[in-house]
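Throughout, residue positions are numbered sequentially from 1 according to the sequence presented. Whatever order the structure lists ligands and atoms in, that order sets their numbers, starting from 1. Just so we're clear, the structure is a prediction, and the values are computed from it rather than from any experiment.
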Amino acid sequence: MSAITADFIADQNRSRLAAHREDFDALARQLARRGLNPEALVKDATAFAVAVPSWGVGTGGTRFARFPGPGEPRHVFDKLADCGVINTLTRLTPTVSPHFPWDKVKDYAELRAAAKSHGLTFDAVNSNTFQDQAGQPLSYKFGSLTHTDKAVREQAIAHNVECVEIGRALGSKALSVWIGDGSNFAGQSSLARAFDRYLESAAAIYRTLPDDWRMLLEHKLFEPAFYSTVISDWGSNYLAAQHLGPKAQCLVDLGHHAPTVNIEQIVARLARFGKLGGFHFNDSKYGDDDLDAASVSPFRLYLVFHELAEAKRAIGPSFAPAYLIDQSHNVTDPIESLMQSAIEIARAHAQAQLVDAAALAAAQEANDALTAHRLLKAGFLTDVSPLIAEARLRAGGALDPIATYRASGYRAAVARERPAVAAGSAGIV
Ligand code: LRH
Ligand code: MN
């Protein structure tokens, strides 16, 4: 394996430099002609970052099956090595979002040091009360933070409090809470009391948060519950975040809405009321498909980033939602999918910076619908590939991360080191 060093990347970039330079110069001329500042846009693209999920570097599955690939990560240290490769080549993903207990270790100082050795730090920590762990005293079959049995709720609260403690040891600043609590039959649970139990349990977790932490609440329309989900939509989520206090904000997983929902409007609403805590980026066509970001609806992702750009203009630098990827890679090399997804998310962000906001606002006020639509779409119709590539290049990354990754032989090398995992049991990870 050719270690993915700066020299190796420079070698791989060499044959692509002339074409890149030509494309970037042409784009820079076009952007300048449109009254934009290419250097400022490259600087902004260089500062853009999105976190990768530790659980995303292993092959994902569905409820039917999982087909592991070569070199599956055996533990969180392998996962960090793979996350390090993604950032080394894209320069877009300097933080990792861990999930507990999947990433549990004995020594978190050692884990933090391991991340550092790959140029990584830790982002939001994720709790897990949607599965029963071996030896767990009480089951989450009928819920966790909203279970009718106080002892089960306390077990779930204790797990979240432990995640905060682990997060503090790792240098994280946010707890991300998604629960699958809900029901499969009308009448099975009290919709009102279940929500009240959620508020009570979440408040107990909230009280343990350090002052500079956030609690990111994630809503989801359905699955694993198929009649009602306690935190099913942005409305329930907003009410909970409002009820808990200023450190509680809503996390928008793009796959957690019905296919026809206008997610960019939810983004605008939550941002307006200071409750947009962050995102789980992915894409979907039907349900919570957890497909690669922008692989189904790149225009939808662009519209989300347009609302983020509008919110940033309205609120200012304090507006800093957490950007995380949350995907399941069932048929691709997870490292390649995460690199491609980080690039597509950086693309949507860069395109959204191209909109002439003043002209758009004027057309909107004048009810000139088509001009407004065209002004908004102009960003999406601009191929910013050379601009985000230039940002990668200046940050020491690869002009073509996937080609460079394949040329490195990294996957084959880790496949030799890591025992093959048999295909088999269902489950997303
Ligand atoms: C639930 C979810 C949540 C994670 C899990 C891996 O669907 O989006 O964010 O904890 O996926
Ligand atoms: Mn998610």
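- Looking at D383 and R347, a side-chain N of the basic residue comes within less than 4.0 Å of a carboxylate O on the acidic one, giving a salt bridge.
- The closest approach of E218 to the Mn ion (ligand 2), by N/O/S atoms, is made by OE2.
- Ion pairing between a basic and an acidic side chain is recognised when a charged N comes within 4.0 Å of a carboxylate O; D78 and R418 show such pairing.
- One distance of note links CG of L301 with CD of E344; it measures 8.5 Å at 0.5 Å rounding.
- The heavy atom nearest to atom 2 (C) of ligand 1, out of those in I179, D326, D288, is found in D326.
- Not a single heavy atom of E223 lies less than 4.0 angstrom from ligand 1.
- Without hydrogens or angle criteria, D181 side chain to V230 main chain gives no donor-acceptor distance under 3.5 Å.
- When distances from the Mn ion (ligand 2) to the N, O or S atoms of H280 are compared, ND1 comes out shortest.
- Heavy-atom distances between D253 and ligand 1 reach below 4.0 Å in at least one pair.
- For ligand 1, the atoms lying closer than 4.0 Å to a non-hydrogen atom of H280 are 9 (O).
- Among the backbone and side-chain atoms of H256, no N/O/S atom is found under 2.8 Å from the Mn ion (ligand 2).
- Between E336 and R411 there is no salt bridge, since no side-chain nitrogen of the basic residue lies less than 4.0 Å from a carboxylate oxygen of the acidic one.
- The nearest N/O/S atom of D253 to the Mn ion (ligand 2) is OD2.
- Judged purely by distance below 3.5 Å, without hydrogens or angles, the side chains of D123 and Y323 never pair a donor atom with an acceptor atom.
- When distances from the Mn ion (ligand 2) to the N, O or S atoms of D326 are compared, OD2 comes out shortest.
- For the Mn ion (ligand 2), the N/O/S atoms of D290 include none lying under 2.8 Å.
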Subject >> Step-by-step side-chain hydrogen bond (donor to acceptor under 3.5 Å, both in side chains) determination, N262 to H257 >> reply: CA-CA 9 Å; N262 186 326; H257 307 82; over 6 Å; no
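- Ring-centre distance between F305 and F281: below the 6.0 Å cut-off.
- The closest heavy-atom contact to atom 9 (O) of ligand 1, among the options H99, K220, H256, E218, comes from E218.
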